[in-house]
Amino acid sequence: MSRRRYAALGVALLAASLLGSLVLIGAALQNSERFGALFSVLLLTNGLGLIGFVILLVSNVRQLVGQLRSRQAGARLTLRMVLMFVALSVTPLLVLYGFSLDFLKRGVDSWFDARIDNALQDALELSRSALDLRMRELHSQTEQLASELGRGQTSNGVLDLSALRNPNSMVVASTWEVGNTDLELLRQRAKADELSIVSQEGGLLETSSLGPDLVPALPTSAMLLQLRQGRSYIGLEPPSNGGFLVRIAVNIPDQGLASGRRILHAMYALSPRMNTLAGNVEHAYARYNELDYLRDKLKLSFVLTLTLVLLSSIAVATWAAFVSARRLSAPISALAAGTHAVTAGDYTTTLPVTSNDEIGLLVSSFNAMTGHIAGARAEIESQNRYMNTLLSELSSGVIALDDRSRITTLNDSGRQILALEDAPVVGEPLSALSDRHAYLQPLVDELTASVAARDGRWQREIRIFNSEGRRTLMCRGTAVSFGSQARQGQVIVFDDITALAKGQRDAAWSEVARRLAHEIKNPLTPIQLSAERLRQKYLSKMAPVDAETLDRLTSTIVQQVETMKAMVNTFADYARPPVINQGAADVNALLSGVIDLYRSANPDAEFIVDLARDLPSVSMDVVRFRQVFNNLLKNALEAHAQGMPAQVRIQTREVSSGSGSHLEIRIADAGEGIKEDVVGSVFEPYVTNKTRGTGLGLAIVKKIVEEHGGMVSLENNPGGGACAIITLPLQPAVLASGPDEHRSQP
Amino acid sequence: MTASLHMFRCALWTVLACLSLGLPASAADIEILDVRGESRDGFYFMDLEARIPLSPDMQEAVESGVPLRFVFDVHLVRARRYLWDSRILVLRRAVRLERHALAGKYVVHDEVSQQRQVLASLPDALDVLGQLRDVTLAKLDALPAEVPLRGRVRAKLDIEGLPAPMRPVAYLSPSWYLGSGWYSWEVTP
C-alpha cells in the first residue's frame with residue numbers, strides 16, 4: 001500500500017472516530033449513564049480532531065494556492081471541483097444546521113411550561129402541607145410524652161457517646177445499658193423509631209430505638225439553642241436509606257430536678273404510602289427544577305454539539321472534496337504537464353494509463369502522438385547530423401542566416417577561411433563577426449548589403465585582410481524561406497580564391513607581357529640593325545649636311561629601339577614567374593641603405609626618416625624588396641614639381657590589430673598627389689601620373705608586395721602629396737614560396 | 001508564500017491569546033485554614049478546616065437542585081534534595097453538597113464514609129463541608145520513621161461532577177473555578 005493510501009486511510013479513520021465521538025456526545029447529553037462521565041473527554045477529543053482536520057484543510061488550501069500561483073497544471077481545475085463539491089455538500093448542511101438549531105431550541109423550550117411549573121410547585125406545597133399536618137400531630141404526641149416523662153423520674157447518668165461517633169473505635173455493647181422500660185414503652189406506644197432523653201447541653205441520658213442502630217440521633221447545637229429559648233423543634237429529615245423521618249425535640253417540663261432541664265428527642269418514620277408520594281413529588285420537582293436551571297446550558301451544549309457536527313461534516317466533506325478533485329483532475333493534470341513537456345521539447349514523455357474510460361483513451365492517444373513526434377524528431381536529427389557532416393566535409397565555407405541576419409549555421413571550412421577561433425557564433429548577429437574581428441568588416445558589409453537587397457541569388461568577390469594577408473573570397477548567396485514566405489534567410493557559400501585569382505591574374509599579365517615582349521622585341525633587332533647598316537653604309541657617302549641628318553635620325557632610331565628594348569625587358573621582368581629567395585631581413589637596414597643612395601644622389605632633397613626601433617625581422621626577398629623601395633622613392637622624388645625642394649617622409653612601425661601584428665611602411669612625398677580618377681587603378685599596369693615612365697613601376701611594387709602576402713595602397717595626404725603604404729604580415733605565409741614551385745612555363 | 005505564512009502565524013497567536021484570556025486563572029478561592037495531624041491507636045489521622053465560599057452561580061445551582069461535588073486531594077510525600085518529592089500516599093476524599101427541596105434542608109454527604117449531615121442553612125452546610133474530622137491517612141507501621149515526611153492537601157470543586165451540559169460552561173467560566181492551593185504540614189508520626 002502506498003504512503004498516500006495510508007494517509008487517506010488514517011484521515012478516514014480520524015473522520016470516522018470524530019463522527020463516532022460526536023454520537024457519543026449526543027448520548028452523553030441525553031444523560032446517558034454510560035457516556036456522561038466521558039462527556040468532557042469526548043468534547044475535547046472532538047475539538048482536537050476538528051483542529052486536526054482544520055490544519056489538514058489549511059495545508060491543502062495552501063498547497064492549492066501555491067499550485068495556482070505557480071500555474072501548475074490542473075490547479076484551476078482542482079479549485080473549481082473543490083468549490084463545486086464544497087458548495088454541494090455545505091449548502092444542505094447549513095440548511096439542516098439552521099433547522100436543527102431552531103428545532104432544538106423549540107424542543108427544549110417545549111419541555112418547560114408555566115402550568116407544569118405551577119403544578120409541581122402546588123404539588124410540593126401540598127406535600128409540605130400534608131407533612132406539616134402530620135408533623136404537628138407528632139409534635140402534640142411528643143409533647144404529651146414529654147409531659148408524662150416530666151411527671152416521672154429518671155436517674156440515669158450521661159452516656160459518653162464519643163466512642164460511638166468515632167468510626168474507628170470499637171464499641172462493646174455490653175458496656176452500654178439500653179434505656180429503661182418506661183421509655184421503651186413510651187416509644188412503642190407512640191410508634192416512634194427512636195426516642196431519646198437528652199440533657200440541655202446535648203448529652204444523651206436515655207434512649208430507645210426501633211432499629212438496630214447503636215448510635216442514636218442527637219439534636220444539633222442550633223436545635224439545642226432553639227430549645228433553650230423555649231421553642232420546640234420540628235423538622236423533616238430527607239430520606240437516606242429508609243425514607244423521610246420527622247425529627248421532633250421538645251423540652252420536658254421541669255419538675256425541679258437537680259439534674260437540670262431535659263429534652264425529649266424523637267424520630268418518627270412516615271407511613272410507606274406517604275413516603276412514596278412525598279418521594280415522588282420531591283423527585284419530580286427536583287428533576288424539573290434542575291432541568292429548568294440547566295435549560296440554557298442544555299441548549300448551549302446541544303448547539304455546541306451540533307456545531308461540532310456541522311464543522312466536522314464540513315471539514316470531512318471539504319477534505320473529501322480535495323481528495324476527489326485531485327483524483328479526478330490527476331489524469332488531466334498529467335496530460336497538461338505532458339503537453340507542456342512536449343511544448344518544451346521533451347518528446348519522451350509517456351503518461352500512465354490508469355483507466356479505461358475516455359480519459360484513458362485520451363492518455364493513450366497522447367502517448368501515441370508523442371511517440372510519433374519523437375520518431376519524426378529522431379529522423380530530423382539524423383538528417384541534421386548528416387547535413388552537418390556534409391557541411392563539415394565541404395571545402396567551401398557555408399554561412400546560414402535567418403530573417404534577422406542571425407547566424408544559424410557556420411561550418412568548419414567557413415571558420416578556417418575566416419580565421420575564426422572556436423568561439424560560438426551560432427545564434428549571434430552577423431555584425432558580431434566584425435565586432436570581434438575587424439578584418440571581417442568588408443565581408444560583413446557586403447553580406448549585409450546583399451541580404452538587404454533580397455536578391456534571389458547573388459555572387460560577390462570580397463577581399464579581406466587578416467594576419468595571413470590579403471584574402472579574396474568568392475561569395476554566392478541564395479535566399480531560403482523559414483517556415484513561411486515572410487521569414488526569409490540566406491545561405492551563403494564562400495571560397496577562398498586568393499591563390500586562384502592571383503594565379504589567374506598573374507598568368508594573364510604574364511601572357512600579355514610575354515606576347516608583348518615577343519611581338520615587340522623580335523622586330524626591334526632588325527630595326528636597330530637596319531638603322532645601323534643605313535648609317536654605316538650611307539653616312540660616309542653623303543654630303544655633310546645630309547650625313548648629319550642621317551646620323552641624327554639613325555641615332556634616334558637606335559636610341560628609341562634601345563628604349564623599347566629596355567621597356568620590353570621590363571615587361572619580361574614583370575612577366576617572369578616569381579622567384580623569391582626569402583630570408584630574415586631587417587627592413588629598417590634595407591630601407592636605410594636605399595635612402596642613403598637617394599640622399600647622396602639628391603642632396604637637395606629632404607628625407608625625414610622615422611623608423612621604429614626593435615622591429616622584428618621579416619621574412620622577405622631582399623633583392624626584390626630593394627626594387628620596391630627604389631620604385632617608391634623614385635616616384636616620391638619625381639612627384640615634386642620642377643624646382644621645388646623635394647621632401648620625402650619614410651616611416652616604419654608595427655601595428656597590432658585583431659588579426660595579428662603587421663609591419664607598416666609609409667613613404668610619403670610633398671608633391672601634387674594623385675588624381676582622383678586614377679586613385680583606384682594606380683597599381684594597374686600602364687597607369688601612371690607621370691609624363692614619362694612605363695607605367696609598370698607601381699604594378700611591379702604591387703606584384704612583389706603581394707607575392708610576400710602583403711598589401712600596398714596609395715592615398716593622398718591631407719596636407720598634400722601622396723603616401724604609399726605597404727602592409728606586411730610579421731608572420732608571412734608567402735604565396736609564391738619557392739622558385740621551383742612558382743616558375744611558370746616560358 | 002511568506003506573507004500567507006505570516007498571516008497564519010498571526011492568526012494562530014491571536015487564537016491562543018484569546019483562549020488564554022478566556023481560560024480561568026488559577027484562583028485559589030478555597031482557603032484551607034488549618035490541618036492537624038495526629039497519631040493515635042496505630043494510625044495517623046488528619047483533621048482539616050477550610051473555608052469554602054460559593055459564587056452566586058454556584059449558589060444558584062445548589063438552590064436549583066444541582067449537587068456540587070468537592071474533592072480533597074491529600075498527599076504524603078518524602079522530600080528529596082535533587083529530585084521531585086516521592087509520594088508515599090495519595091488519597092482523594094469527595095464530599096457532595098445538595099439541597100432537598102421538600103425538606104428545605106442542605107445535605108452534606110461524605111462519599112467515602114457514607115456519612116450524611118442535614119443542615120438547615122447553606123452557611124451551616126458550607127461549614128460542615130469545610131471540615132474533615134479523623135480522616136485516617138495511614139498505618140503508622142507503613143510510614144518510614146527515619147525519613148521526614150510532609151503532608152499536603154488541596155480542595156477544589158469537581159467540575160466533572162456537574163451535570164454534562166454544565167461542564168463546557170464551567171470549564172470556560174472563571175466563576176465556576178473554585179479551588180485552593182496546596183497546603184503543607186509536617187508529618188510527625
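Chain letters run A, B, ... following the sequence lines, proteins first, then strands; residues in each count from 1. FYI, side chains are in, hydrogens and waters are out, and symmetry mates aren't considered; it's all heavy atoms of this structure.
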**OP:** Take atom CZ of A/Arg106 as the centre, draw a 6.0 Å sphere, and report whether it contains more than 12 heavy atoms from other residues, nucleotides or ligands.
**Re:** no
**OP:** Would you mind checking which part of A/Ala278 comes under 4.5 Å of any heavy atom in chain B, side chain (CB onward), backbone (N, CA, C, O), both or neither?
**Re:** both
Original post:
For A/Arg128 and B/Leu102, which heavy atoms make the closest approach, and how far apart are they?
Top reply: NE-O, 3.3 Å
Original post:
Looking at A/Ser301 and B/Ala164, what are the two nearest heavy atoms and their distance?
Top reply: OG-O, 4.5 Å
Subject >> B/Arg36 CZ: over 12 foreign heavy atoms closer than 6.0 Å >> reply: yes
Original post:
Heavy-atom distance under 4.5 Å between the side chains of B/Arg116 and A/Pro238, does that happen here?
Top reply: yes
**OP:** State, to 0.1 Å, how close A/Leu298 and B/Pro165 come at their nearest heavy-atom pair, and which atoms those are.
**Re:** CD1-CG, 3.2 Å
Original post:
Hey, which of A/Asp292, A/Leu294, A/Val281 has the most heavy atom pairs under 4.5 Å with chain B?
Top reply: A/Leu294
Subject >> Engaged part of B/Glu60 at the chain A interface, taking heavy atoms whose separation is under 4.5 Å >> reply: both
**OP:** Could you tell me which non-hydrogen atom of A/Leu304 sits nearest to which non-hydrogen atom of B/Pro168, and how far apart they are?
**Re:** CD2-CB, 4.1 Å
Original post:
Which region of B/Ala61, side chain (C-beta onward) or backbone (N, CA, C, O), has a non-hydrogen atom less than 4.5 Å from a non-hydrogen atom of chain A, or is it both or neither?
Top reply: both
Original post:
What's the spacing between A/Glu290 CD and B/Glu98 CD if we round to 0.5 Å?
Top reply: 10.0 Å
**OP:** Starting at NZ of B/Lys105, measure out to CG of A/Leu236 and round the result to the nearest 0.5 Å.
**Re:** 6.5 Å
**OP:** Grab the two heavy atoms, one from B/Val66 and one from A/Tyr293, that are nearest each other, plus how far apart they are.
**Re:** CG2-CD2, 3.6 Å
**OP:** Enter the distance from A/Thr220:OG1 to B/Gln117:CD here, rounded to the nearest 0.5 Å.
**Re:** 10.0 Å
Original post:
Given a strict heavy-atom distance threshold of 4.5 Å, which part of A/Leu300 is in contact with chain B: side chain, backbone, both, or neither?
Top reply: side chain
